[in-house]
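What you see is a predicted model, and the numbers here were worked out from it, not measured in a lab. In the text below, chain A, chain B and the rest are named by the order of the sequence lines, each starting its count at 1.
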Number of protein chains: 2
Amino acid sequence: MARPRSFDPDDVLEIARQVFWQKGFQATSLDEITAASGIAKPSLYAAFGDKHALFLRVLDRYHDGILGWAERTLAQPGPAREAIRQWLTGFIPYCSGEKGQRGCLSINSATDGSLDQAALRKSIERYNRRLEELLRTRLRADRAQFKKGFDPDITAHTVMVVHAGLMALAHQTPDSKQVKAVIEQVMGLLA
Amino acid sequence: MARPRSFDPDDVLEIARQVFWQKGFQATSLDEITAASGIAKPSLYAAFGDKHALFLRVLDRYHDGILGWAERTLAQPGPAREAIRQWLTGFIPYCSGEKGQRGCLSINSATDGSLDQAALRKSIERYNRRLEELLRTRLRADRAQFKKGFDPDITAHTVMVVHAGLMALAHQTPDSKQVKAVIEQVMGLLA
DNA sequence: TTGATTCTGTACCTATAAGTACAGAATAAA
DNA sequence: TTTATTCTGTACTTATAGGTACAGAATCAA
């Protein structure tokens, strides 16, 4: 009953993600997104709203992707240690720039002082809360595998800290051998 | 032989640091700095150069301040464990917002994709290299205090990762009790 | 006091980027 | 085929922010 949309919103979000990831929210202009996607501004505004709303969509999509993968990885059978090692190791591509970007879009956004938008903060907090929850749940379930005095809650948070640190430092040293060594050493806390 | 400067450049850098720290480089306008400092733009440009140069001065100053403190803290007598615990603990005010800002200006800048300026990247890399060097040197010197197989180089890097992670997560959860618990758990790697 | 010199403040220029008005194109229903 | 409806692209408006021209003020040396 009307002219149909000429693009797949998901494709545009994917392209917008790449641009935002590479340059950050502030430094990315809508013109760059229109250039990269081929979609004119009025179409973007009609489909997603303003720049903040578009970024929020991109970020939520990013979060969902990682959460899905984290859920699968941390649900695998076998020792909890192995699951968590794989989880941490899975982020190495984000560190080394193999994905074309450096670091984590979420962490990059969290440390961006300009993003005081409540909705964005909320999305990031929710994401971190969920990731930590996945880690905590798994560590609690397999508590018997660790020695007496092991604290699954604190350990889950520590793993989150290490993860954030790797992502933050990813912007400088893409030495994946060093990253692996750190992960191995941190695994020493899961005993 | 000419009109003297009416302000102390160091004071201005201090004020600029606060503004940049709070809002980030991109989101901070020079007008905000002139408003906060009372110094008009032409004076800023004459004294520091353009916005990037000003930010670089601010960042270098910030780095020097922390490096000086780190040097003193890590040079203290006693067990290396204690020195490093104090070093990590010293960053808690940066985590909890007690300083009015959240997180670390350097990390915030490192994760800001818009800062592709080579000079800035260099300053940040140098800073991280020096911090890690201080940790490494101390751990190597006190190697005898740890058990066989202890690797001071990897441990130094791991401590850097934890530090970066705490600073990155500082933007969300200002629970200093949790931060302390993480530090205590990580100290378990220094044995 | 005078003059050379450098700083300060106002007011401006210019570029960029977010957001939109509007005319025309594409579709589905009638 | 006609028409209602929604999308698309061009071109525009507007605000903001980086940077500067210029006139006048403040200092020190002579």
Nearest-nucleotide comparison on DNA chain C, the residue closer to the 5′ end among A:Ala27 and B:Pro4: B:Pro4
Residue B:Pro42, side-chain atoms from C-beta onward, closest of D:dT8, C:dT20, D:dT20: D:dT20
Sugar-phosphate, base or nothing in reach of A:Thr28, heavy atoms under 4.0 Å: sugar-phosphate
Polar side-chain contact B:Lys51-D:dG18 base: donor and acceptor under 3.5 Å: no
Among C:dT20, C:dT8, C:dA17, the nucleotide that comes nearest once only the side chain of B:Phe7 is considered: C:dT8
Electrostatic pair B:Arg81-B:Asp142, nearest N-O below 4.0 angstrom: no
N/O (side chain, B:Ser6) to phosphate O (OP1/OP2, C:dC7) under 4.0 Å: no
Phosphate contact (C:dT8 OP1 or OP2) by B:Ser43 side-chain N/O below 4.0 Å: yes
Over 12 foreign heavy atoms within 6.0 Å of CZ, A:Arg130: no
A:Ala2, nearest nucleotide to its side chain (from D:dT5, D:dG18, C:dA18): D:dT5
More than 12 heavy atoms of other groups within 6.0 Å of B:Arg136 CZ: yes
From D:dG18, D:dT10, C:dA17, nucleotide with atom closest to B:Ser29 side chain: D:dG18
Candidates D:dC7, D:dG18, C:dT8 - which lies nearest the side chain of B:Arg5: C:dT8
Given C:dT20, D:dC7, C:dT8, the nucleotide with the shortest approach to the side chain of B:Arg3: C:dT8
Which nucleotide in D:dC7, C:dA18, C:dA21 has an atom nearest any side-chain atom of A:Tyr45: C:dA18
Intermediate values then yes/no, salt bridge (charged side-chain N to carboxylate O under 4.0 Å, His left out), B:Arg17 and B:Glu14: CA-CA 5 Å; B:Arg17 182 177 71 172; B:Glu14 175 62 28; 3.0 Å; yes
